[in-house]
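Note that these values count all heavy atoms, side chains included, but never hydrogens, waters or copies made by symmetry. We number each residue from 1, following the sequence as shown. Computed from a predicted model, the values in this text were never measured in an experiment. Numbering of ligands and ligand atoms starts at 1, following listing order.
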Amino acid sequence: MKALNRLALAVSLSCAALAAPLTAHAGEVEVLHWWTSGGEARAVDVLKQLMQKQGDTWKDFAVAGGAGEAAMTVLKTRAVSGNPPSAAQLKGPDIQEWASMGFLANISDIAKQGNWDTILPKRVAQTMQHDGEYVAVPAGIHRINWLWINPAVFKKAGAKVPTTLDEFFEAADKLKAAGVVPLAHGGQNWQDGTIFESLVMAIMGPEGYDKVFVQTDADTIRSDKMVEVFKTFKRIKGYVDPNAAGRDWNLATAMVIEGKAGMQIMGDWAKAEFTAAGKKPGVDYECVVMPGTQGDFIYNIDSLAMFKIKNKDNQKAQDDLVRTVIDKPFQEVFNLNKGSIPVRNDIDLAKFDSCAQQSAKDFQAANAEGKAEPSMAHSMANTSYVQGAIFDVVTNFFNDANADPKKATEQLVAAIQAAK
Ligand code: GAL
């Protein structure tokens, strides 16, 4: 009897063991990202919920730090030690770099089934590919060249919403006179870079922008126009408060939300902070295209690149992740929360606010007219080495009251050359 019982137990245990893989849900996805601010966290939570609904386990791999510099450092360590996450937020040329080193999984089959070549704008589709194969799935498109404004603060200061750089400085003077911080800013290299590239667009236009950040053409970088960019950049420093050093971007956005500052130059993930705080565009805040860049679009495509992983269940979960990110429900809800616009061209934007609708319209037009340019500050325009070189020169210049704009252009040429 005892023996029989033991046998029965053994059989039932082994049945349970056999049944486990059949009934177990797909697997685990570990996703590296840096979406940790209030608005960003709400957006990434959408993905977590959708994955869990399918029975997959979500393993959050969040590394705080705007624009992802810290996240990229951590990713390198993990990947080099042979233990990459299932997916990581990678962007632009970084996707190519990781793929060329053999780290990324080919997801072209899923892309084919999902008609990605048709539903994605060409520019987006190309960014997700390496050697003609899809290795990353796009989540949303952010616009960088935005100016966020608190209209109540503007009203109190008697300032007018600017459309040109001259008007921007007029408004900044009025805000200063009214005793508020004119421009909310965080002194981190990528935030300095975000303002800088917006100025390059405003002063040099899309063609000049492309020559500077994509082609890194030395003659264009040494030009008088670029000297003007540095001069204007220096002028802007005069409207930033003395506590800006090291401040996170979302804390700068909070200054605008709370009326402590009048404006912020930032990509539209800032909008997600306003949304999370229950604020409405056109009422509590205004999204204004960065003065002087109307019709131009500095784009930043958020995307998750898929890493080669060995565990079969986790591979299945990874496939679920790819399908989920490109699916319409995710595209809508994620981007509503993130402040960006969907990557697919077949999504109804009725639920989106006026800022997103303008962004979508402008992106389409800018693409058609050659006025859409990849963001340097957000790793879309060049390698991380060139980006690092530009950041160094730009941030040093911003923080040195005695820095000379003409010399800075020469330093920029030299730094980029050394990084190439
Ligand atoms: C960007 C990223 C955005 C947003 C921002 C601030 O580089 O593409 O999704 O998170 O950084 O962290």
Less than 4.0 Å from some atom of ligand 1, heavy atoms are found in residues W34, W35, E40, G66, A67, Q89, K91, H142, W249, W269, N300, D302, K338, H378
Stepwise side-chain hydrogen bond (donor to acceptor under 3.5 Å, both in side chains) test for Y299 and D362:
CA-CA 11 Å; Y299 65 86; D362 287 358; over 6 Å; no
Checklist entry - Using the ring of each side chain (for Trp, its six-membered ring), is F230 parallel, tilted or perpendicular to F196, with breaks at 30° and 60°? => result tilted
Please work out which of the three classes, parallel, tilted or perpendicular, describes the rings of F274 and Y285, given edges at 30° and 60°. parallel
Test salt bridge (charged side-chain N to carboxylate O under 4.0 Å, His left out) applied to K260 and D241, step by step: CA-CA 11 Å; K260 292 181 183 146; D241 70 303; over 6 Å; no
May I ask you to decide whether K160 forms a salt bridge with E170, counting only side-chain N to carboxylate O separations under 4.0 Å? no
Check: Under 4.0 Å between a Lys/Arg side-chain N and an Asp/Glu carboxylate O for D346 and R344?
Finding: yes
